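FYI, the numbering just counts along the sequence from 1. Here the structure is a predicted model, which is why all the values come from computation and not from measurement.
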Amino acid sequence: TFLAIAKDFHGNFNVFYNGAESGASAPDHLHFQAAPAGVLPIEKDIQDIDKRIIVKSVESISLFKVKNVGRGIIIIEGENYDAISSTLLNVISAMKCVLSSPGEPKMNLLCSYNGNTWQVAIFPRRKHRPAIYYLPVNERILISPGLVEMGGVVVTPIEKDFNIVDHELIQDIY
């Protein structure tokens with residue numbers, strides 16, 4: 001369904017998914033969201049061939065990791081719907097094992113379709129929310145990163161938090 005929605009948007013929009021316990025999403029439901037292509041800063045980084053390291057290429061699918069972006073990102077690219085879908089499910093299954101996750105592993109997904117190729121960016125997560133989210137009220141910073149934040153647009157619902165957040169804090173959160 002995720003891939004089909006991306007295809008329906010014909011490259012004009014990206015589709016994203018915040019996994020359970022992976023941002024502001026409620027742990028007991030899922031939904032997909034879409035945003036105009038080109039809005040998230042990370043989109044430029046994941047297209048930069050100098051930041052990509054090929055992990056594996058099999059038939060019509062390529063698997064990359066992205067370097068020098070301050071957070072872990074895995075990219076799956078290919079033209080074949082079934083192969084992309086299968087590869088995505090295999091990566092999620094491997095993440096579940098590596099991260100010792102009893103259910104769906106913590107992750108955020110970003111997907112685009114440009115007319116013949118799907119690109120899925122996977123943002124593996126270790127935590128639902130950063131430690132600063134759980135500090136005492138007077139020290140707390142309410143950032144609960146979902147895909148938008150992992151994509152480089154950090155939402156701070158409280159003005160005092162906006163005035164405190166800096167590059168170093170964001171790197172800590174990532």
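Remark: Ser112 OG to His10 NE2 distance equals 14.0 Å, nearest 0.5 Å. If you take CG on Asn114 and CG on Asn12, they are separated by 11.5 Å, rounding to the nearest 0.5 Å. Here the CD atom belonging to Gln33 is positioned 11.5 Å from the CG atom belonging to Leu110, to the nearest 0.5 angstrom. Residue Ile143 holds its CD1 atom at 7.5 Å from CD of Glu149, rounded to the nearest 0.5 Å. Rounded to the nearest 0.5 Å, atoms CZ (Arg52) and OG (Ser62) are 8.5 Å apart. Remark: Ile84 CD1 to Ile76 CD1 distance equals 6.5 Å, nearest 0.5 Å.
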(request) Take Leu99 and Arg126 through the side chain to side chain contact (heavy atoms under 4.5 Å, CB included) test and state the conclusion after the steps. (result) CA-CA 8 Å; Leu99 299 173; Arg126 292 198 185 278; 3.9 Å; yes
(request) Go through the steps to decide whether Cys111 and Leu3 satisfy the test side chain to side chain contact (heavy atoms under 4.5 Å, CB included), and finish with yes or no. (result) CA-CA 7 Å; Cys111 184; Leu3 298 175; 3.7 Å; yes
(message) Between Met150 and Asn18, does the side chain to side chain contact (heavy atoms under 4.5 Å, CB included) criterion hold? Intermediate values first, please.
(response) CA-CA 10 Å; Met150 299 303 284; Asn18 293 317; over 6 Å; no
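Thr1 places a side-chain heavy atom less than 4.5 Å from the side chain of Phe32. The closest side-chain heavy-atom distance from Ile73 to Ile46 is below 4.5 Å. Looking only at side-chain heavy atoms (C-beta outward), Leu142 and Tyr133 come within less than 4.5 Å of each other. Taking 4.5 Å as the limit, some side-chain heavy atom of Ile164 sits within range of a side-chain heavy atom of Ile141. Under the 4.5 Å side-chain criterion, counting only non-hydrogen atoms from C-beta, Met107 is in contact with Met95. Phe123 places a side-chain heavy atom less than 4.5 Å from the side chain of Arg71. Side-chain contact between Val153 and Pro41 is present, with at least one heavy-atom pair separated by less than 4.5 Å. The shortest distance between side-chain heavy atoms of Val69 and Lys51 falls below 4.5 Å.
The cluster map of Ile, Leu, Val, Met, Phe, Trp and Tyr, joined by side-chain heavy atoms under 4.5 Å apart, puts Phe2 and Ile42 in different clusters. Linking ILVMFWY residues whenever their side-chain heavy atoms come closer than 4.5 Å, directly or via other members, places Leu109 and Ile61 in the same cluster. Phe16 and Ile74 fall into different hydrophobic clusters, defined by Ile, Leu, Val, Met, Phe, Trp and Tyr side-chain heavy atoms under 4.5 Å apart, directly or through other members. Hydrophobic clustering (ILVMFWY, side-chain heavy atoms < 4.5 Å, transitive): Ile122 and Val66 are in distinct clusters. One hydrophobic cluster, built from ILVMFWY side chains closer than 4.5 Å, cannot hold both Val39 and Ile5; they sit in different ones.
Taking both residues in full, the closest heavy atoms of Ala83 and Thr87 are given as O-OG1, 2.8 Å, listed atom of the first, atom of the second, then distance. Between Gly70 and Tyr174, the shortest heavy-atom distance links the atoms O-CB, 3.3 Å. For the pair Asn80 and Ser60, the tightest heavy-atom approach, listed with the atom from each and the gap, is CB-OG, 3.5 Å. Taking all atoms of both residues into account, the shortest heavy-atom contact from Leu63 to Val91 is CD1-CG2, 4.2 Å.
Annotation: salt bridge (charged side-chain N to carboxylate O under 4.0 Å, His left out) contacts involving residues 152-163, sequence neighbours excluded, are absent. Note on residues 67-119: pairs passing ring-ring contact (aromatic ring centres under 6.0 Å, His included), not counting sequence neighbours, are Tyr81-Trp118, Tyr113-Trp118.
A donor and an acceptor atom, one from each side chain of Arg125 and Ser22, are nowhere located under 3.5 Å apart. A donor-acceptor contact under 3.5 angstrom links the side chains of Glu43 and Asn14, judged on distance only.
A search for side chain to side chain contact (heavy atoms under 4.5 Å, CB included) contacts involving Ile53 returns Lys65, Lys67, not counting sequence neighbours.
Counting heavy atoms of neighbouring residues, nucleotides and ligands inside a 6.0 Å radius, atom CD of Glu59 does not exceed 12 of them.
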